[in-house]
Asks: 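The structure's right below; bear with me while I get my questions together.
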Amino acid sequence: MMINAIVINNSTAHRATVISTRTESAEMGMMKAMLIDTLKVKLANGIAHFIFKKKDGSYREAWGTTQHNLASAKINGRGVSREIYKTTAYFDVECGEWRSFRWENLVQVF
């Protein structure tokens with residue numbers, strides 16, 4: 001008998017719950033929460049390429065980072081984490097500004 005298991009941390013579980021509630025789909029919640037985990041690793045390690053759905057319904061192809069040596073000049077430390085707003089923040093390397101997207105709107109990570 002073989003058992004397959006996925007181990008998730010508290011942050012991933014919280015995101016999955018929020019996304020599940022917003023999308024009314026537990027499967028979508030877990031899938032997107034794990035996709036956000038993948039994106040966060042890529043953002044922390046360099047420039048990530050991803051697509052998300054914007055508030056107006058259009059899609060945004062983005063290249064961003066959270067890597068300190070690339071984004072540190074634009075960190076002022078006066079704000080609060082975007083995570084409390086159920087969004088993920090990234091430094092957009094194309095326009096040189098911080099942006100964020102709602103967790104359930106992440107479409108693809110390259």
Side-chain angles (χ1 to χ4, degrees):
M1 177 182 203
M2 185 163 66
I3 298 174
N4 293 325
I6 297 172
V7 178
I8 60 171
N9 61 36
N10 287 342
S11 296
T12 306
H14 174 69
R15 285 187 202 105
T17 301
V18 169
I19 296 166
S20 295
T21 300
R22 288 177 173 175
T23 63
E24 298 179 355
S25 168
E27 294 83 10
M28 184 66 68
M30 185 54 68
M31 182 188 75
K32 294 226 180 192
M34 291 172 49
L35 190 60
I36 289 168
D37 284 348
T38 300
L39 177 60
K40 284 181 152 289
V41 169
K42 290 184 176 206
L43 288 168
N45 291 316
I47 297 173
H49 180 201
F50 56 101
I51 296 173
F52 64 91
K53 187 176 180 180
K54 292 172 49 174
K55 197 180 220 181
D56 68 5
S58 64
Y59 290 89
R60 168 93 160 88
E61 186 172 9
W63 284 264
T65 188
T66 57
Q67 192 173 32
H68 191 274
N69 65 339
L70 297 173
S72 63
K74 296 291 185 171
I75 297 174
N76 63 26
R78 292 186 307 219
V80 294
S81 171
R82 298 300 303 166
E83 295 285 315
I84 67 166
Y85 298 109
K86 316 307 191 255
T87 64
T88 293
Y90 68 95
F91 183 74
D92 189 316
V93 297
E94 292 183 302
C95 66
E97 296 179 357
W98 285 93
R99 303 276 191 237
S100 64
F101 60 89
R102 289 173 59 112
W103 290 337
E104 68 274 15
N105 290 346
L106 183 61
V107 175
Q108 186 172 5
V109 177
F110 298 97

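Throughout, numbering of the chain's residues begins at 1 and tracks the sequence. All values reported here derive from a predicted model rather than from experimental measurement.
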Asks: Closest heavy-atom contact between Tyr90 and Ser100?
Replies: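 Smallest interatomic distance, heavy atoms only, reads CE2-N, 4.2 Å.
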Asks: Give me the one residue out of Thr88, Leu43, Leu35 that meets side-chain contact (heavy atoms from CB on, under 4.5 Å) with Phe50.
Replies: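 Result: among Thr88, Leu43, Leu35, Leu43 is the only option passing the side-chain contact (heavy atoms from CB on, under 4.5 Å) with Phe50.
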Asks: Quick one: closest heavy-atom pair of Thr65 and Gly46, and the distance?
Replies: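 Nearest heavy atoms, Thr65 then Gly46: OG1-O, 2.7 Å.
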Asks: Can you check whether Asp37 reaches Arg15 side chain to side chain, under 4.5 Å on heavy atoms?
Replies: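 SC-SC contact between Asp37 and Arg15 confirmed.
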Asks: Let me check something: do Met30 and Ile36 share a hydrophobic cluster, defined by ILVMFWY side-chain heavy atoms less than 4.5 Å apart, either directly or through other members?
Replies: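 Different clusters.
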Asks: Which residue pairs pass the salt bridge (charged side-chain N to carboxylate O under 4.0 Å, His left out) test with at least one member in residues 38-59, sequence neighbours excluded?
Replies: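 Counting only pairs at least two positions apart or across chains, the salt bridge (charged side-chain N to carboxylate O under 4.0 Å, His left out) contacts touching residues 38-59 are Lys40-Glu83.
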Asks: Does Glu24 CD have over 12 foreign heavy atoms under 6.0 Å away?
Replies: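 No - once you tally the heavy atoms of other residues, nucleotides and ligands closer than 6.0 Å, there are 12 at most.
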Asks: Decide whether Tyr59 and Phe110 are clustered together by the hydrophobic rule: side chain heavy atoms of Ile, Leu, Val, Met, Phe, Trp, Tyr closer than 4.5 Å, transitively.
Replies: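 Yes, because Tyr59 and Phe110 connect within a single hydrophobic cluster, where side-chain heavy atoms sit under 4.5 Å apart.
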Asks: Quick one: CD1 on Ile47 to CD on Gln67, what's the gap to the nearest 0.5 Å?
Replies: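 Going from CD1 on Ile47 over to CD on Gln67, the span is 8.0 Å.
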Asks: Output the distance between atom NZ (Lys32) and atom OG (Ser20), rounded to the nearest 0.5 Å.
Replies: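 Atom-to-atom, Lys32:NZ and Ser20:OG are 11.5 Å apart.
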Asks: Please work out whether the ring planes of Phe101 and Phe52 are parallel, tilted or perpendicular, with thresholds of 30° and 60°.
Replies: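 Parallel.
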Asks: Mind checking what makes side chain to side chain donor-acceptor pair (under 3.5 Å) contact with Asn10, not counting sequence neighbours?
Replies: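 Counting only residues at least two positions away or on another chain, Asn10 forms no side chain to side chain donor-acceptor pair (under 3.5 Å).
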Asks: When rounded to the nearest 0.5 angstrom, what distance separates CG in Asn105 from CZ in Arg22?
Replies: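 Answer rounded to 0.5 Å: 8.5 Å.
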Asks: With clusters defined by side-chain heavy atoms of hydrophobic residues (ILVMFWY) lying less than 4.5 Å apart, directly or transitively, does Trp98 cluster with Trp63?
Replies: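 Same hydrophobic cluster.
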Asks: Under the criterion side-chain contact (heavy atoms from CB on, under 4.5 Å), I'd like the reasoning laid out for Glu104 against Ile19: C-alpha separation, chi angles, the key distance, then a yes or no.
Replies: CA-CA 5 Å; Glu104 68 274 15; Ile19 296 166; 3.9 Å; yes
Asks: For Ala33 versus Ala16, what's the shortest heavy-atom pair and its separation?
Replies: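 Closest heavy-atom pair between Ala33 and Ala16: CB-N, 3.6 Å.
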Asks: Do the non-hydrogen side-chain atoms of Glu61 and His49 ever get within less than 4.5 Å of each other?
Replies: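 Side chain of Glu61 against side chain of His49, heavy atoms only: contact under 4.5 Å found.
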Asks: According to the interplanar angle, ranging from 0 to 90°, do the rings of Trp103 and His14 count as parallel (below 30°), tilted (30 to 60°) or perpendicular (above 60°)?
Replies: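 Plane angle over 60°, so perpendicular.
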